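Single-structure report; data block below.
A quick note: this is a predicted structure, and the numbers were derived from the prediction, not measured. Keep in mind that the numbers below use all heavy atoms, side chains included, and drop hydrogens, waters and symmetry copies. In what follows, chains carry the letters A, B, and so on, assigned in the order in which the sequence lines appear, proteins first and then strands, with residues in each chain numbered from 1.
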There are 2 protein chains.
Amino acid sequence: MPIKLEDIRTRLHAKDYKLTPQRQLIVKVFSENPNEHLSAEDVYGLVKEEHPEIGLATVYRTLDLLAQLDILRVMNFGDGRSRYELTDIDDHHHHHLICLQCGTVAEFNDDLLESLEAVVQKRNGFKVQNHQLKMYGICKECQSKENEK
Amino acid sequence: MPIKLEDIRTRLHAKDYKLTPQRQLIVKVFSENPNEHLSAEDVYGLVKEEHPEIGLATVYRTLDLLAQLDILRVMNFGDGRSRYELTDIDDHHHHHLICLQCGTVAEFNDDLLESLEAVVQKRNGFKVQNHQLKMYGICKECQSKENEK
DNA sequence: GTACATGCAAATTCTTTGCAACCCA
DNA sequence: TGGGTTGCAAAGAATTTGCATGTAC
């Protein structure tokens, strides 16, 4: 289910931030590109199509703000730039498979880690708020290509 | 158990790389700082104590090389710089707890993910080589500080 | 009206690269 | 000896910041 604009407006106003057209557009770009892992530059390019005068700095500032409000999640797949995606409701069960050959990032879901959070909480006294799991390896496509040789 | 220098020499020579004093020193720094998550700048500072004429570029090149040889593991905790640690034998069971308040990174071990790798392998046709799990939350120390208020 | 936002350009920070001198095997 | 390696300085890439102007509420 998509994030509602009014919900975002409310969350912004709660901290005296404003819902500007730029911010709306950036959220829209994420809604229209689900399952992508957009970088600041990616977002900049996409927003520019509709609103050419936007500045890259605004994109950076907005991504930062939306991540603080937990509307976006920041990620890092080792290519030297931050990547963002909408925080979905099922977030805790949503992980990433990163292909070491072609760099593609796929998603997978599993709730196995729920129980692990409880263990860590008890054993280390660490109050877990969130987690990220990445698995590195070779994707199905690259495996087939390898076999063709 | 510490990594043996001879082992590293062998792994380098296997690919026609040389074991230079700089490379030795960098490995030494990691051996002497277990459980740390050193950035390039950190390593540079530490190596400089013994070998002041080393260049930062050499540090970057060496970290990169050692990571390719799987002697070091690269990580990213969201502070804008890559961090490295020695790849240990128990690597697959070794994960990170990142405090959102003070930024401290602690370690914890668990082998729960072993079985998950097999599931992903079968379900997604993805050949897993490695994985990284990070849990974000509030560490024990910051929780106590919070309670004192 | 006013405090927050924006766009632009300059500044920072992290990392990479070119190249001549150097040195491990 | 010779091809990998180093240190230095310059280049590059991602991100941040200062500031005058603009705007949501």
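The backbone N or O of B/Glu85 lies less than 3.5 Å from no partner atom in the side chain of B/Glu36, so there is not a single donor-acceptor pair. Looking at B/Thr10, its side chain does come within 3.5 Å of a backbone N or O of B/Glu6 through a donor-acceptor pair. Without hydrogens or angle criteria, B/Thr62 side chain to B/Arg23 main chain gives no donor-acceptor distance under 3.5 Å.
Here A/His131 and B/Tyr136 keep their ring centres 6.0 angstrom or further from each other. Within the 6.0 Å centre-distance limit, the rings of A/His96 and A/Phe77 are counted as a close aromatic pair.
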Verdict with supporting geometry, B/Cys102 and B/Cys139, side chain to side chain contact (heavy atoms under 4.5 Å, CB included) | CA-CA 8 Å; B/Cys102 66; B/Cys139 70; 3.9 Å; yes
Could you give me the CA-CA distance, side-chain angles and deciding distance for B/Arg83 and B/Asp42, then say whether salt bridge (charged side-chain N to carboxylate O under 4.0 Å, His left out) is met?
-> CA-CA 9 Å; B/Arg83 297 186 167 275; B/Asp42 292 338; 3.4 Å; yes
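Separating the CG atom of A/Leu12 from the P atom of C/dA5 is a distance of 8 Å, rounded to the nearest angstrom. When rounded to the nearest whole Å, the span between NZ of B/Lys48 and C1' of D/dT6 equals 14 Å. Rounded to a whole Å, the CD atom of B/Gln24 is 11 Å from the C1' atom of C/dC24. If you measure from atom CD of B/Glu53 to atom P of C/dC23, you get 10 Å, rounded to the nearest angstrom. We find that CG of B/Leu25 is positioned 11 Å from P of D/dT6, with the value rounded to whole Å. The CG-P distance, from B/Leu66 to D/dT5, rounds to 11 Å in whole Å. Between A/Ile26 atom CD1 and C/dG7 atom C1' the separation is 13 Å, expressed in whole Å. For the pair B/Ile54 CD1 and D/dC8 P, the interatomic distance rounds to 10 Å; values are reported in whole Å.
Over its full length, the helix from C/dG1-D/dC25 to C/dA25-D/dT1 turns its helical axis through 50°, comparing axes from the five pairs at each end and rounding to 10°.
Salt bridge annotation for A/Glu53-A/Lys48: absent, with no cationic side-chain nitrogen under 4.0 angstrom from a carboxylate oxygen. Comment: A/Lys145 does not engage A/Glu141 in a salt bridge, judged by the lack of any side-chain N to carboxylate O separation of less than 4.0 angstrom.
Note on B/Glu41: nothing from the nucleic acid sits closer than 4.0 angstrom, heavy atoms only. Contact annotation for A/Ser39: no contact, since no heavy-atom pair falls under 4.0 Å across all strands.
Judged by closest nucleotide on DNA chain D, B/Asp16 is the one of B/His51 and B/Asp16 placed further toward the 5' end.
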Contact letters for nucleotides 16-25 of chain D, in which S counts primed atoms plus P, OP1 and OP2 and B counts the base, heavy atoms under 4.0 Å | BBB----BBS
